[in-house]
Structures are given as C-alpha cells and as structure tokens.
Amino acid sequence: MGAGLKEGRRDNDAVPTVDPLAAGPAAGLADELVAEGCIRGAALGLVVAPGLGVALAWPVGRRGVAAKSPADVAAVLSSLAPLDPRWTWWTAQGTAASLVAAGLRPRACWDVGAVGRLLHGLRRDDPAAVWAAERELPEAPVTRGQLDLLDLEGEDGEPVRSDGQLSRDWLRGRWAQDLESAQTWAALALEVQASQQARLTAAADPRAHTGRPGGTNLATLTAYAESAAALLAVELEHDGLPLDRGVLEAMLRELVGERPSDPAHEARLRAQRDELVLRHFPESGVDLRNPLQVRAMLSRSGIDVPDTRSWRLEPYAASSPAVAALLAWRKAERVSTTYGYAWLERSVQGGRLRGAWSAADGGAGRMTAQAGLHNMPTELRPAVCAEDGMVFVRGDLGQVEPRVLAAVSGDEGLAGAATEDDMYAPVARRLGCDRPTAKVAVLAAMYGQTSGPAGEALKQMDLTYPKAMAYLRDAEAAGLAGADKRTYGGRLLPGLGEPGSGGHGRYVRNAVVQGAAAELFKAWAATVRSGLAAADVEPEAERVAGQIVLCLHDELLLHVPAASADAAAALLASALDATTAWWAAGSGVRFVVQVAVGPTWAAAH
DNA sequence: TCGGTCACGTA
DNA sequence: CGTACGTGACCGAG
C-alpha cells in the first residue's frame, strides 16, 4: 500500500454497510490507479452505467469496473476514497443521485453542468448545452423523445459529431451501452472540466484579495461551491424535510376544515366556505375565484379598487365585515389549494417533505425548490418537527445583501458600517436620517427604486457610499446597454445583445447583489456540509452528526441529534468565518449568523 | 391543451 | 412601477 493511501484513508464517505477495505473485485483499485498516473485529490471523471458498472477517467488513463447493483457501485467508489478524488460528473442530478440513494456522501466534486451555468450563464445544464458552450459552438438542441433521421445527420458512431457537437445518439443513451463507451463519456466530461478549469484559473480576481485556500482564485472556489451545492440539491431531494403528518393534519382541520372524502364532498365543503363570504353580499352566483367578478361585486357594494389584491383590500377590512370575510376566505383558500390535503399526500412520505431542488436557478443563480419547500406559509412551520431525539439548528445570515454589496463593491464606508451587528444604525448616522429611512434607502439602492420617500436619502447614499452606488449603477447600465455582466464570483449574466428595457437594467442591478449573495450562501452551505457529513475533518470526534434539510436563500436548517445541537451551532458560525475569510478577504466586511435551536422550524427562531 | 394574467406565499 | 422564485385558478386562444 502506498504512502498516499495510508495518510489519505477516508472511509467516512461510505455507508456503514460498505466496508471499503473488504476484499472483492475493487480491492486495491486505488493503488492501481495511482500506479497508472491518477493523482490523489485531483479531478476524476466518473460515469455510472446502470447495471454495468463504473467508468473512471483521469488525464492519462481510464478504467471501467464492473458493478451490477447500486451497492456494488457504492463499494467501488468507497474503495477509491483513499484517492480523495474530486468526482467529476456531467451533473450531480444525473450521476450522484443513485450514489446518494445508495448511501454515499461524496466529499468533493466538480459538476460540469453547474460550472457551465456559472461560466456561460446557461439556463440548461445538460451535457449537450455545456459542451457546446465550452466549445463556443451554437446552442445545442434539447435531446428529448425519439431520435429521427435528422438527428443522425453528421453522426458516424463517434461521440462527437462532424459539426463539433455531441452526438445525439450518445446523448440519448449510447454512452451507457457498454463500459468502454462509458469510459469515453467520462473522459469527455473530464475534458470539459479541464477546459472550464482553465477558464476559471485565467479569470482575474475581482479585487486583489489574499489568503484564498491554496492560492486558488475566487472563480475556481466559486465553481467548487456551485458544484457542492448541486450535490447538496440531490441530497436535499433524497433526504427531505422532516414534517409531522399528524401535526399538519391537525392544523389543516383548524384552517380549512375536515379532509374531503370524495370529490362531491369536496365541492360541498367548498360551497360552504364560499357561502360564509357570499352571504355578506346581495347578489348570487359570484365566483370568488374570479378576480374580475370579485372586483365587480365589491364595486356594487361601494368599494372601488383597481384590483383585489389583499394589501389593497386590507384598509377596508376594519370597517367592512364583507371584506374581512373575503380576506379570511382567501387565506384559507391559499392553504387549501396549495398547502392542503392534496399537497400533503403528494409531497410527504415517511415523515419527510420532498421536492425537486435546483442549485442555481433563475438569472441570479439562487437555489430553488419545488413542492412548496421555499414558500410554505410561516403559520404551517410548527408542523416541521424534528424526529425523536433530534432538534433543528437554524442559522440565518443577517443583512446579507447589504454586506455583500459592501464586499463586492469594495466600498470602504459601507464596509465600515458592516463591521457592526446592525449595519443600518451606522448608515443612518452617516446619512443623517433615522434607521428605518436608512434601511429603505439601502434596499431601494439595491433594487433600483427611483422614486418614493427614499429619494433624499438616496442622494445622500451617492455622496456617502460612492463606490457601492457606482457598482450598482454600472450593473444597471450594462443591463440597459444589453451587455454581459458577471457577478463577483463569476456567474455570467448574459446581456440581451441590444439595448434593453429599464426593467432589465433594474434586474441586472439587483442580480449582481442577489447573485453574489447566493454564491456566498452556497459556499457557506458547502462548508457546513463538509463539517457534517464529509470525512475531511480529523479526528473523527470533531465531525458533527446531522444533515442539512433546508436551504432558504440566507437560511440553513440542520436536523441533528439533540446532543449535537451546540456543536452544530458552533459549526454554522465557524463555517461562516472560514468561508468569508476567503470570500470577502481584505474587504473588512463582517458577516453575521443568528443561530437558534428548537424542536420545530417555527421554534428555532 | 397551451400561454397569459391574477393572486399570494417565501427570501 | 423595488428584486427573485413556485404554485394554483381562471380565461381565452389554439
């Protein structure tokens, strides 16, 4: 056994049921790969061909290992833990999902799709799109459905077509036909990785920061974090958010009534709820779900509103029982339609709420989640209950967007304000206004508001924080001109190519802040994940049991054994310090996290 | 069956 | 007329 194997033995990634040292076809594999020029800690291309095995690729070699079942695959990968590879896959969604399902928690990865999104501002992360963008070819068509003759034009059985694009045949599954093809596919992923790595390495750091780990530049570290977030998205989808079905059902009974037994019963209950509102109005036959009809009905009662949004009706609620009834109906209707019994049946199984996660959606690259994970009403959060013997540890980044603005713009004045726990207090002092006004002015600056009560304070912002305001103005100008823009971490915000609307200007102005905040958040989440699940902290005792169960833009929710609550809380703080040490190095900006522990999500505040 | 609009939940 | 997202009901065009 080589020296590298001894020092590097890290079997903690493995499921307890898989012994990486067990004798078997994969025993000694790590040694063999090292002998064939595979370097410890480096990118290692990985493709899993279902039912066949594992394909590996490194710059000077490749290898296929037969593995029929997911457990076999897990055993092979566990045996490679001594190599401490940065697993390089086309996407975590495509490759890591089965690994996670088999109990693996890979430590480090490179997600070619996630990095493609970052570098090229792609809305897609499939191999065809990333390959084309990296080769600077025209956008590739989406592969779906059956191949037709047109698809095969220019194809000769090779993975790369004569026009330079990836083969549609290979994209449709040819890569998984045999282990030899899977190795080729893994080598192609590694080829893209190397090209991406070169682009990232060449990217100048936005500011002359020092102290980044291993001398790695910000863009590359951001690529690591985006990759980790893509893997985390797969894990979140697999693990789910603990939710007590009984508690939620009790809340639903309280809010919207009993569970309907059949469609007719449901219609009857619906009519009963509607009647509680309609009885306040003289006319009949009004559909409460049709805003136009509701507006007309209100108008006949002497309430004229341009639309029927709740904030517009709110002022009338005190004097009009009818409006109050309508607003109460709306609230119940929202819960009933979106977070009611149907949602419960669809999205909660085995005490966990599960939905699809995306690690970088939308223009700014925030994480998004489906199945209501990101917009569950606050009033339902008491149903998010920790399991027996477990607690939630919740960490919330305080005032993250203005702090991010201070860091990315290099504005010394704003950075000075960001040394305090509440940065709006010093801003108010400098602007000569009260705290609420200062807060509105800062938010208005980041969102691109141009009018309103913050007007005077905004003028003061220009004088007091010129670099921050110039940073925002430059972003807006780029958006208006149709030019490309990059976030601090290097995410491309593609320009429209031609002068755009004010709306797009405002969008880019906000996206450079929101996007950078998302990058910082993901880097923090990745660091927390390492402290929880990965095997890179020695000795073993320093690792904290538990898992991340929710990411919510500036908030992380951990589900941990009660005995580990303090350690998890400390991890949230230390991980933030470790992350901002390189992310905001030299800026003087302080980031803060508020941590709370509780038996439910609602209680952890 | 589709996209657009309204409405509303979260950050 | 401050940003982003996901979801559902309804409408009208296809």
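Note that the structure is predicted; figures quoted are calculated from it, not measured. All chains are named by letter (A, B, ...) in the order of the sequence lines, taking the proteins before the strands, and each is independently numbered beginning at 1.
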Just to verify, what does A:His553 make a ring-ring contact (aromatic ring centres under 6.0 Å, His included) with, not counting sequence neighbours? A:His374

Could you tell me whether A:Leu443 contacts a base, only the sugar-phosphate backbone, or nothing, with contacts defined as non-hydrogen atoms closer than 4.0 Å? base

Surrounding CZ of A:Arg312 (heavy atoms of other residues, nucleotides or ligands, distance under 6.0 Å), is the total greater than 12? yes

Students often get this wrong, so: under 4.0 angstrom with heavy atoms, is A:Ala371 touching a base, only sugar-phosphate, or nothing? sugar-phosphate

Lys/Arg N to Asp/Glu carboxylate O, A:Asp474 vs A:Lys485, below 4.0 Å: no

Note: A:Arg435-A:Asp422 ion pair, threshold 4.0 Å (strictly below): yes

Where along residues 265-287 of chain A does a heavy atom fall under 4.0 Å from DNA chain B? none

Any side chain to side chain donor-acceptor pair (under 3.5 Å) pairs touching residues 594-605 of chain A, not counting sequence neighbours? A:Arg394-A:His605, A:Glu555-A:Trp601

Checking A:Trp343 now: which residues fulfil ring-ring contact (aromatic ring centres under 6.0 Å, His included) with it, not counting sequence neighbours? A:Tyr339

Only one of A:Val512, A:Asp411, A:Leu472 clears side chain to side chain contact (heavy atoms under 4.5 Å, CB included) with A:Leu405; which? A:Leu472

Checking side-chain polar atoms at under 3.5 Å, does A:Thr437 have a donor or acceptor matched by the opposite partner on A:Asp434? yes

What does nucleotides 4-11 of chain B look like as a protein-contact string, B for base, S for sugar-phosphate only, - for none, at under 4.0 angstrom between heavy atoms? --SBBBSB

Going by number, which of residues 346-364 of chain A have a non-hydrogen atom under 4.0 Å from DNA chain C? A:Arg346, A:Asp361, A:Gly362, A:Gly363

Residue whose closest nucleotide on DNA chain C lies nearer the 5' end, A:Arg312 versus A:Thr368: A:Arg312

N/O donor-acceptor pair under 3.5 Å between A:Asp111 side chain and A:Ala92 backbone: yes

